[in-house]
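What follows is one structure encoded as structure tokens, with my remarks underneath.
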Amino acid sequence: MKIVRVQDIIGTEREVSAQQWTSRRLLLKKDGMGFSFHETIIPANTEHTFHYKHHLEAVYCVAGNGSITDVATGETHEISDGTLYALDQHDKHILRGGTEDMRLICAFNPPVTGQEVHDEDGAYLPDTSED
């Protein structure tokens, strides 16, 4: 059994901040669960383009508000507490913070290692390690 408290992650290598967002990686590949699990904070009035070409992601909003735009279709969806979106087709998307910071709970498959950074397309490179 694993017990992880977000307050124990803040300020450690599992808390990653960049491009006006913060991701707290509660579970990583090395935890052996087959997925990674994160808490991500998207500040109000920010815009981010992501394209996870090598990962599927499910995201559940537990606080705040914003929107997501599917780049391929131009369709925009509002996000607020209780909304889930799943990037099941490696969807390139624009995530916008609304009037309040969004607190998102995210699962990635395959799991991230914790060392990933977004490339110029907003993607994480695939993990090629054996462990």
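Source: prediction; values computed, not measured.
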Q. Taking a hydrophobic cluster as the set of Ile, Leu, Val, Met, Phe, Trp and Tyr residues connected by side-chain heavy atoms closer than 4.5 Å, whether directly or through intermediates, do Leu56 and Val71 fall within one such cluster?
A.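 No.
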(Q) Is there a path of hydrophobic side-chain contacts, each under 4.5 Å between heavy atoms, that joins Leu27 and Tyr52? (A)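 Result: no, two separate clusters.
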Taking side chain to side chain donor-acceptor pair (under 3.5 Å) as the test, write out the residues that go with [X], two or more places apart.
{"X": "Thr73", "result": "none"}
{"X": "Glu15", "result": "Arg24"}
{"X": "Asp8", "result": "none"}

Between atom [atom1] of [X] and atom [atom2] of [Y], what is the distance when rounded to the nearest 0.5 Å?
{"X": "Arg14", "Y": "Ser36", "atom1": "CZ", "atom2": "OG", "answer": "10.0 Å"}
{"X": "Lys53", "Y": "Lys92", "atom1": "NZ", "atom2": "NZ", "answer": "8.0 Å"}
{"X": "Phe108", "Y": "Leu87", "atom1": "CZ", "atom2": "CG", "answer": "8.0 Å"}
{"X": "His55", "Y": "Cys106", "atom1": "NE2", "atom2": "SG", "answer": "13.0 Å"}

Mind listing the side-chain donor-acceptor pairs of residues 58-69 below 3.5 Å, one per line with the distance, residues two or more places apart or on another chain?
{"from": "Asn65", "atom 1": "OD1", "to": "Thr99", "atom 2": "N", "distance (Å)": "2.8"}
{"from": "Asn65", "atom 1": "ND2", "to": "Thr99", "atom 2": "OG1", "distance (Å)": "3.0"}
{"from": "Thr69", "atom 1": "OG1", "to": "Thr76", "atom 2": "OG1", "distance (Å)": "2.7"}
{"from": "Thr69", "atom 1": "OG1", "to": "Arg96", "atom 2": "NH1", "distance (Å)": "2.8"}

Q. Does anything in residues 64-89 pair up under salt bridge (charged side-chain N to carboxylate O under 4.0 Å, His left out), and if so which pairs, sequence neighbours excluded?
A.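 For residues 64-89: none.
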Q | Qualifying residues under side-chain contact (heavy atoms from CB on, under 4.5 Å), relative to Pro43, sequence neighbours excluded | A |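 For Pro43, the residues satisfying side-chain contact (heavy atoms from CB on, under 4.5 Å) (neighbours in sequence not counted) are Thr46, Asp101.
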Q: Can you tell me which residue pairs pass the ring-ring contact (aromatic ring centres under 6.0 Å, His included) test with a partner in residues 62-104, sequence neighbours excluded?
A: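 The answer is Phe50-His93.
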[X] vs [Y] side-chain heavy atoms within contact, under 4.5 Å:
{"X": "Leu26", "Y": "Glu39", "result": "yes"}
{"X": "Thr22", "Y": "Thr40", "result": "no"}
{"X": "Lys30", "Y": "Thr113", "result": "no"}
{"X": "Ile94", "Y": "His48", "result": "no"}

Q) With clusters built from Ile, Leu, Val, Met, Phe, Trp and Tyr whose side-chain heavy atoms come within less than 4.5 Å, directly or transitively, what are the remaining members of the cluster of Ile3, listed by chain and number? A)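 Met1, which link up through side-chain heavy atoms under 4.5 Å apart, make up the rest of the cluster.
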Q) What are the two closest non-hydrogen atoms of Leu104 and Leu95, and how far apart are they? A)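 Minimum heavy-atom separation between Leu104 and Leu95: CD1-CD2, 4.1 Å.
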(Q) side chain to side chain contact (heavy atoms under 4.5 Å, CB included) for Phe37 and Val4? Distances and angles first, verdict last. (A) CA-CA 11 Å; Phe37 196 76; Val4 181; over 6 Å; no
Q | Check against side chain to side chain contact (heavy atoms under 4.5 Å, CB included), Val16 and Arg25 | A | CA-CA 8 Å; Val16 178; Arg25 281 83 187 268; 3.5 Å; yes
Q | Gln20, CD: over 12 other non-hydrogen atoms inside 6.0 angstrom | A |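 No, the 6.0 Å shell around CD holds no more than 12 heavy atoms from other groups.
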Q: Please check if any side-chain donor atom of Thr49 sits under 3.5 Å from a side-chain acceptor atom of His51, or the reverse.
A: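 Short answer, no.
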